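In what follows, a structure is listed as structure tokens, so that the remarks can point back to it.
Quantities reported herein were computed from a predicted structural model and do not represent experimental measurements. Numbers restart at 1 for each chain; the letters A, B, ... are given by sequence-line order, proteins then strands.
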There are 2 protein chains.
Amino acid sequence: MELPIRISKDSREPIYHQIVNQFKALIAGGHLSAGAPLPSIRALSKDLEISIITTRRAYQDLELQGFIKTLQGKGTFVAEIAEDLKEEVKVTSVHNIIENAVDTALSYDYNLSQVKEIFLTILKDKEKGE
Amino acid sequence: MELPIRISKDSREPIYHQIVNQFKALIAGGHLSAGAPLPSIRALSKDLEISIITTRRAYQDLELQGFIKTLQGKGTFVAEIAEDLKEEVKVTSVHNIIENAVDTALSYDYNLSQVKEIFLTILKDKEKGE
DNA sequence: TATACTGTGCATATAGATATATACAGTATA
DNA sequence: TATACTGTATATATCTATATGCACAGTATA
């Protein structure tokens with residue numbers, strides 16, 4: 001399966017964390033359903049050109065958070081997650097990041113109506129396909 | 001002067017980086033004008049309960065980026081920065097963080113009109129004073 | 001059963017963020 | 001001049017993220 005996992009090695013955000021967040025988005029967003037196999041640790045490591053340890057770390061975090069299940073010798077699979085839990089992850093993740101963006105704008109001395117204007121402009125650009 | 005610098009020691013973001021970003025916002029946002037003194041390295045370190053090294057690192061970064069000037073023995077002061085440069089920092093910083101928030105929402109499978117709705121709700125909450 | 005996949009565990013290494021401590025150097029002012 | 005502020009420099013230590021390498025263990029299948 002072709003997974004749209006993309007990492008940036010220059011980012012301040014740790015690689016394993018980038019991987020975790022992207023899988024969370026794919027699972028909570030419904031693009032990966034329960035039982036779907038994830039790439040093997042070795043395959044993903046090779047794809048992203050990172051060490052097995054880093055991929056392993058990401059998968060361990062995802063398992064701890066309940067998003068995936070690993071079965072030794074068989075592989076790694078999307079876990080069964082209650083719909084409302086997925087929805088909660090989705091809602092709070094997005095809410096938090098948007099709220100943080102608004103707070104940052106306010107800290108730069110924009111007022112609320114200016115923030116709204118900037119935001120609507122960005123949305124319009126996205127609609128046009130950037 | 002009472003500066004609204006607040007750090008989180010649990011954050012994944014390095015402390016020196018949090019300090020840099022907050023001063024950048026204060027300066028580019030116009031809350032600190034050229035020549036204004038910053039707290040001494042020792043005073044800020046004591047206030048925030050962090051080591052002098054960390055504060056120093058933050059101030060060095062800010063100086064490298066041209067936002068402040070340090071004078072040995074005298075103190076640290078907001079640098080003279082062209083208005084249009086300040087404006088550019090302000091605009092791009094805010095634009096980037098909002099665009100990133102929108103992209104995250106899209107990665108969670110929200111569509112643009114849903115993102116808009118969430119955003120407007122958050123803005124309304126802010127207007128009411130949270 | 002042999003082979004080729006899966007995941008697991010461990011020992012070790014490097015780099016960066018951060019910390020502590022100590023000493024040095026420039027400046028202002030009573 | 002004494003003292004109390006400033007910033008500067010350096011040596012050392014800890015923690016975390018990340019890396020490499022190697023060996024082990026479970027599973028599927030020809």
Side-chain angles (χ1 to χ4, degrees), chain A residues 1 3 5-24 27 32 34-79, chain B residues 1-3 5-24 32 34-79:
Chain A
M1 182 189 353
L3 281 180
I5 302 288
R6 298 284 177 274
I7 58 164
S8 157
K9 288 185 182 174
D10 304 321
S11 167
R12 184 177 313 275
E13 187 183 11
I15 295 176
Y16 76 89
H17 202 244
Q18 297 178 41
I19 297 173
V20 167
N21 281 341
Q22 289 179 47
F23 272 116
K24 271 172 78 168
I27 295 170
L32 283 177
L38 273 66
S40 81
I41 285 179
R42 286 175 181 78
L44 186 58
S45 302
K46 199 177 166 195
D47 257 30
L48 301 180
E49 297 180 309
I50 57 177
S51 88
I52 291 179
I53 311 290
T54 305
T55 305
R56 175 104 201 284
R57 168 72 184 273
Y59 279 20
Q60 279 179 321
D61 276 23
L62 282 165
E63 179 155 31
L64 266 176
Q65 292 176 48
F67 290 97
I68 64 177
K69 289 285 174 198
T70 62
L71 299 174
Q72 187 171 352
K74 301 187 89 170
T76 306
F77 306 88
V78 176
Chain B
M1 180 189 355
E2 282 300 310
L3 281 179
I5 302 290
R6 299 282 177 276
I7 59 164
S8 157
K9 290 186 180 171
D10 304 322
S11 168
R12 184 177 313 276
E13 187 183 11
I15 294 175
Y16 76 89
H17 203 244
Q18 297 178 41
I19 297 173
V20 167
N21 282 341
Q22 289 179 46
F23 273 115
K24 271 171 78 169
L32 283 178
L38 272 67
S40 80
I41 287 180
R42 285 175 181 81
L44 187 58
S45 302
K46 199 177 168 195
D47 258 30
L48 301 180
E49 297 179 309
I50 57 177
S51 87
I52 292 180
I53 310 292
T54 305
T55 305
R56 175 105 201 285
R57 169 70 184 273
Y59 279 21
Q60 280 181 322
D61 276 23
L62 282 165
E63 179 154 32
L64 266 176
Q65 292 176 49
F67 290 98
I68 64 178
K69 288 287 174 198
T70 61
L71 299 175
Q72 186 173 352
K74 302 187 87 170
T76 308
F77 306 88
V78 176

Listed partners of [X] passing side chain to side chain donor-acceptor pair (under 3.5 Å), at least two apart:
X: A:Thr76; answer: none
X: B:Lys24; answer: B:Gln65
X: A:Gln72; answer: none
X: B:Gln60; answer: none

Nearest-angstrom distance from the residue atom [atom1] of [X] to [atom2] of [N]:
X: A:Leu48; N: D:dT18; atom1: CG; atom2: C1'; value: 14 Å
X: A:Gln60; N: D:dT18; atom1: CD; atom2: C1'; value: 14 Å
X: A:Gln18; N: D:dA17; atom1: CD; atom2: P; value: 13 Å
X: A:Ile68; N: C:dT6; atom1: CD1; atom2: P; value: 15 Å

Are any of [X]'s side-chain N or O atoms less than 4.0 Å away from OP1 or OP2 of [N]?
X: A:Arg56; N: C:dT8; value: yes
X: B:Thr70; N: D:dT8; value: yes
X: A:Thr76; N: C:dG7; value: yes

At their closest point, which heavy atom of [X] faces which heavy atom of [Y], and how far apart are they?
X: B:Leu48; Y: B:Ile5; result: CD2-O, 3.7 Å
X: B:Ala34; Y: B:Ala79; result: CB-O, 3.6 Å
X: A:Ile7; Y: A:Gln18; result: CA-OE1, 3.3 Å

Taking only Watson-Crick and G-U wobble pairs with both distances under 3.5 Å, what dot-bracket line describes DNA chain D, where [ ] shows pairs that cross earlier ones and | shows pairs with another strand?
||||||||||||||||||||||||||||||

Any chance you could list the contact pattern along nucleotides 12-18 of chain C? Use B for base contacts, S for sugar-phosphate-only contacts and - for none, protein heavy atoms under 4.0 Å, 5' to 3'.
-----SS

What pairs meet the salt bridge (charged side-chain N to carboxylate O under 4.0 Å, His left out) rule with one or both residues in residues 48-57 of chain A, with sequence neighbours excluded?
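Only A:Arg57-A:Asp61 qualify under salt bridge (charged side-chain N to carboxylate O under 4.0 Å, His left out).
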
Show each protein N/O and nucleotides 22-26 of chain D N/O combination with a separation under 3.5 Å, one pair to a line.
residue	atom	partner	partner atom	Å
D:dA25	N3	A:Gln72	NE2	3.2
D:dG26	N2	A:Gly73	O	3.2

By side chain to side chain contact (heavy atoms under 4.5 Å, CB included) - contacts of A:Ile53 (at least two apart)
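Once residues adjacent in sequence are excluded, the partners of A:Ile53 under the side chain to side chain contact (heavy atoms under 4.5 Å, CB included) criterion are A:Ser51.
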
Would you please name every residue forming a side chain to side chain contact (heavy atoms under 4.5 Å, CB included) with B:Lys74, sequence neighbours left out?
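In terms of side chain to side chain contact (heavy atoms under 4.5 Å, CB included), with neighbours along the sequence ignored, B:Lys74 is linked to B:Leu71, B:Phe77.
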
Interatomic distance, B:Tyr59 atom OH to B:Leu64 atom CG [nearest 0.5 angstrom]:
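Going from OH on B:Tyr59 over to CG on B:Leu64, the span is 15.5 Å.
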
